[in-house]
Amino acid sequence: MNLFALFVDHVRAALSELAREGVVPAGVDTARVVVEPPRDASHGDLSTNAAMVLAKEAGLKPRELAEKLSAKLAALPGVAKVDVAGPGFINLTLDGSYWPQVLAAVLVQGRDYGRSQAGGGQPINVEYVSANPTGPMHVGHCRGAVFGDALANLLAFAGWKVTREYYINDAGAQVDVLARSAFLRYREALGETITIPEGLYPGDYLVPVGKALVTKYGRTLLDKPEEEWLPAVRAIAIDAMMAMIRTDLAALNIHHETFFSERTLHARPHGAPSIIDRLLETLRARDLVYEGRLAPPKGQPVEDWEDREQTLFRATQFGDDVDRPLMKSDGAYTYFAADIAYHKDKFDRGFKRMIDIWGADHGGYVKRMQAAVKAASDGEASLDVELCQLVRLLRNGEPVKMSKRAGDFVTLRDVVDEVGRDAVRFMMINRKNDAVLDFDLAKVIEQSRDNPVFYVQYAHARACSILRNAAQAFADLPTAPADFAGAALSRLDDEGEVGLARLIANYPRLIEQAAPAREPHRLAFYLYDLASALHGQWNRGKDLPHLRFIIEDDRELTYARLALVHAVALIIASGLSILGVDAPEEMR
RNA sequence: GCACCCGUAGCUCAGCUGGAUAGAGCGCUGCCCUCCGAAGGCAGAGGUCGCACGUUCGAAUCGUGCCGGGUGCGCCA
């Protein structure tokens with residue numbers, strides 16, 4: 001039940017009634033009407049801008065229309081009071097029957113409370129991480145991974161049919177470098193002393209790959225020329241790297257449904273055209289590909305700029321700044337060409353909505369990719385790109401030194417092992433993705449209010465603790481939340497309790513707004529507010545014993561308050577699970 | 001030169017796609033607790049929302065132009 005959506009409907013109904021009475025014209029556009037919680041709780045429970053938005057069309061002054069509307073709204077069951085305020089706000093105060101309904105809904109629906117049908121079950125593809133398979137994941141990959149995963153969870157909760165996808169860049173020059181690096185480790189495993197030249201990957205994570213190659217091939221690769229051993233070594237190395245990356249992702253509790261190999265786009269089995277070949281034919285048939293020249297890039301002068309005629313995609317027809325090359329000077333496809341084919345493939349698999357999560361350094365690539373998706377799908381599909389800004393890794397406010405020596409970076413695994421998965425996940429989402437993020441390794445394991453991970457988890461643990469204590473005090477207490485739905489919830493009339501109920505009522509609305517905005521960070525902030533309200537109510541009970549959750553000589557009131565505690569715990573657990581963070585029952 | 005992102009309290013950031021007196025944490029100041037619910041609590045000070053025009057009943061939010069910071073700008077991935 002979304003209270004706010006419900007009242008938008010009430011406003012619409014009131015308007016059509018006024019239209020029948022001839023007070024306002026029929027069929028006014030109500031698209032801009034919103035019902036929201038007022039900023040100041042003293043204004044009531046709900047507030048709508050309807051009168052101000054519609055005044056002009058209705059031919060009335062905002063306050064006049066507000067008076068007429070409020071007369072209708074006041075007649076609704078459950079509405080205790082209606083005020084017209086300021087320039088024409090209509091503020092509604094609900095009577096005592098409403099919050100109990102909301103709480104009962106939470107307790108009955110449990111973890112499904114807040115789940116939305118907004119997505120209508122439509123398929124949506126979220127592509128994230130897509131780190132090159134040339135080594136373990138480093139801390140820079142972390143944010144996009146966590147953001148993408150949380151966003152996927154959020155969209156699923158909001159009613160989308162989500163597929164989580166990883167694009168394996170296993171076709172470029174970098175995987176040949178990987179193969180050569182692995183081959184050195186192979187020779188090392190056979191007893192040679194090796195030195196790793198500049199330009200190859202020096203990390204010792206390739207040592208096991210070298211040993212695996214010995215196990216499989218013995219010494220047989222040693223005498224062969226590179227073109228013979230490279231494909232086999234490359235395949236084994238990529239598999240090993242992907243296995244490592246999947247393990248790293250699993251440490252963050254991230255699991256993709258689809259891993260898509262770039263190589264499959266280039267493959268020409270038995271000389272048949274590749275997927276990219278066929279894509280280019282399609283684009284050519286629509287006159288979206290041509291041979292032409294590009295002006296040299298501005299800014300940093302390009303040393304070896306060669307003015308040549310090349311195969312170009314008409315990206316400018318779809319809003320990009322310049323047309324984009326599809327073929328390199330050596331005749332191979334550009335990365336972009338493969339990427340168009342890849343997104344076309346997503347479209348062919350049934351996705352009209354796609355989301356890509358990229359690092360901010362790829363921002364210059366957004367327009368051309370969106371242009372490509374429009375072109376390749378003939379305007380039927382759309383691509384959203386969410387850019388994740390840099391993470392600055394700190395320890396006690398000091399930047400963590402990252403050695404410039406190649407291969408010696410801070411791995412994602414190091415960070416997860418040091419501070420734990422929950423801290424990493426929560427903190428990476430506790431900021432808008434397009435703003436730079438400071439991640440302090442010392443601060444995120446602090447047990448205090450300024451560590452939001454701890455503060456929110458502690459609220460859940462505290463709620464569980466209250467319920468455990470209550471079970472001591474009342475032996476026959478039920479345990480399932482739904483069993484509390486019948487409690488005397490109307491006795492929850494303290495302002496702190498009503499405040500919690502208001503926050504709880506706002507949860508479905510938050511989900512429905514955060515999902516289309518692609519902003520899981522709103523959920524993190526909401527959970528912090530909810531946790532704060534619970535801790536606040538607990539603390540009030542210290543000075544005012546009659547506000548404590550457990551009142552030993554008032555069984556009915558205790559039941560009602562425990563119902564509230566159950567509801568808060570359910571929502572914290574629900575929200576945290578969307579963020580991919582555990583909701584512990586006790587803090588240790 | 002161009003494109004995209006950011007600019008809100010001393011610091012780190014929210015601000016619910018245009019609403020009412022712009023919020024939170026930290027820091028600062030003051031009070032409370034050192035036996036029973038303090039891994040603290042309560043209260044206070046602190047803001048020309050980068051600047052300037054514009055759009056309208058109404059702008060931190062939308063538009064345009066500046067200023068400052070970041071990212072990127074054939075064939076790399």
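The chains referred to below are lettered A, B, ... by the order of the sequence lines, with proteins before strands, and numbering in each begins at 1. Just so it is clear, the values below take in all heavy atoms, side chains as well, and ignore hydrogens, waters and symmetry mates.
Across all strands, A:Arg308 comes closer than 4.0 Å to base atoms (heavy-atom distances). Here A:Pro87 lies in heavy-atom contact (under 4.0 Å) with a base. At the heavy-atom level, A:Ala173 lies under 4.0 Å from the strands shown only through sugar-phosphate atoms. Using a 4.0 Å heavy-atom distance criterion, A:Met327 is classed as making no nucleic acid contact. Counting any heavy atom pair closer than 4.0 Å across all strands shown, A:Asp170 reaches no nucleic acid atom. Within the nucleic acid shown, A:Gly172 comes within 4.0 Å of sugar-phosphate atoms alone, with no base atom in reach, counting heavy atoms only. Counting any heavy atom pair closer than 4.0 Å across all strands shown, A:Phe89 reaches a base atom. Residue A:Gln174 is in sugar-phosphate contact alone, with no base atom involved, counting any heavy-atom pair closer than 4.0 Å across all strands shown. Residue A:Tyr365 is in base contact, counting any heavy-atom pair closer than 4.0 Å across all strands shown. Contact annotation for A:Val436: backbone-only contact, meaning every heavy-atom pair under 4.0 Å involves sugar-phosphate atoms and none involves a base. Within 4.0 Å of A:Lys432, counting heavy atoms only, lie sugar-phosphate atoms of the nucleic acid but no base atom.
The side chain of A:Lys56 contributes an N or O atom lying less than 4.0 Å from OP1 or OP2 of B:C57. Under 4.0 angstrom from either OP1 or OP2 of B:C76 there lies at least one side-chain N or O belonging to A:Lys328. At the phosphate of B:G40, neither OP1 nor OP2 sits under 4.0 Å from any side-chain N or O atom of A:Lys542. For the pair A:His521 and B:G15, the criterion of a side-chain N or O lying under 4.0 Å from OP1 or OP2 is met.
In a base pair of the Watson-Crick type (N1 to N3 plus N6-O4 or O6-N4) or a G-U wobble (N1-O2 and O6-N3), with each distance short of 3.5 Å, B:U61 is matched with no nucleotide. In this structure B:C35 sits in no base pair that meets the Watson-Crick or G-U test at under 3.5 Å. Using N1 to N3 plus N6-O4 or O6-N4 for Watson-Crick, or N1-O2 and O6-N3 for G-U wobble, each under 3.5 Å, B:U56 pairs with nothing. When both distances must be under 3.5 Å, the Watson-Crick or G-U wobble mate of B:C76 does not exist. The nucleotide B:G44 finds its pairing partner in B:C28, both defining distances of the Watson-Crick or G-U wobble pair being shorter than 3.5 Å.
In A:Glu57, the CD atom is crowded: over 12 heavy atoms of neighbouring residues, nucleotides or ligands sit closer than 6.0 Å.
Closest to the A:Asp438 side chain, of the nucleotides B:A39, B:U12, B:G74, is B:U12. Listed candidates were B:A3, B:U12, B:C5. Nearest to the side chain of A:Lys367 is B:A3. The side chain of A:Met587 has B:A39 as its nearest neighbour among B:A39, B:C5, B:A77. You'll find that the side chain of A:Asn91 is closest to B:A20, out of B:G74, B:A14, B:A20. Looking at the side chain of A:His43, the nearest of the listed nucleotides B:U12, B:C5, B:A20 is B:A20. Closest to the side chain of A:Arg509, out of B:U17, B:G58, B:A14, is B:U17. Nearest nucleotide to the side chain of A:His362, out of B:A77, B:U12, B:G40: B:A77. Of the candidates B:G19, B:G41, B:A20, B:A20 carries the atom nearest the A:Ala85 side chain, counting heavy atoms from C-beta on. The side chain of A:Val53 has B:G19 as its nearest neighbour among B:A39, B:G40, B:G19. When each of B:A14, B:A20, B:C57 is scored by its nearest atom to the side-chain atoms of A:Arg431, the top-ranked nucleotide is B:A14.
A cation-pi arrangement is present between A:Arg314 and A:Tyr290 under the rule of less than 6.0 angstrom and at most 45 degrees off the ring axis. In this structure, A:Arg509 satisfies the cation-pi test against A:Phe4, with its NZ or CZ atom closer than 6.0 Å to the six-membered ring centre and inside 45 degrees of the ring normal.
B:A59 atom P lies 14 Å from atom CZ of A:Arg32, rounded to whole Å. Rounded to whole Å, the distance from OH on A:Tyr455 to P on B:C13 is 21 Å. Counting to the nearest Å, the P atom of B:C36 and the CG atom of A:Leu544 are 17 Å from each other. In this structure, CD of A:Glu57 is placed 16 Å from C1' of B:U56, rounded to the nearest angstrom. Between the CG atom of A:Asp320 and the P atom of B:A3 there is a distance of 13 Å, given to the nearest Å.
Straight-line distance between the P atoms of B:C49 and B:A59: roughly 12 Å, to the nearest whole Å. B:U48 sits 37 Å from B:G40 when the C1' atoms are compared, rounded to a whole Å. When the C1' atom is used for both B:G50 and B:G69, the distance is 11 Å, rounded to whole Å. Nucleotides B:G10 and B:C73, compared at atom C1', are 38 Å apart to the nearest Å. Here, B:C6 and B:A14 have their P atoms 10 Å apart, quoted to the whole Å.
A donor-acceptor contact under 3.5 angstrom links the side-chain atoms of A:Tyr458 to the base of B:A39. Residue-to-nucleotide contacts include a donor-acceptor pair under 3.5 Å from the side chain of A:Ser47 to the base of B:A20. In the interface, the side chain of A:Asp339 is not paired with the base of B:A77 through any donor and acceptor atom under 3.5 Å apart.
A:Ser329 has its side chain within reach of A:Arg308: a pair of non-hydrogen atoms, C-beta onward, lies under 4.5 Å apart.
A distance cut-off of 5.5 Å between ring centres, combined with a plane angle under 30°, leaves A:Tyr528 outside any stacking arrangement with the base of B:A24.
Residues A:Phe147 and A:His521 place their aromatic rings such that the two centres sit no closer than 6.0 Å.
If you find the closest nucleotide of RNA chain B to A:Gly86 and to A:Asp529, the one lying nearer the 5' end belongs to A:Gly86.
At distances below 3.5 Å, at least one donor-acceptor pair connects side-chain atoms of A:Asn539 with backbone N or O atoms of A:His535.
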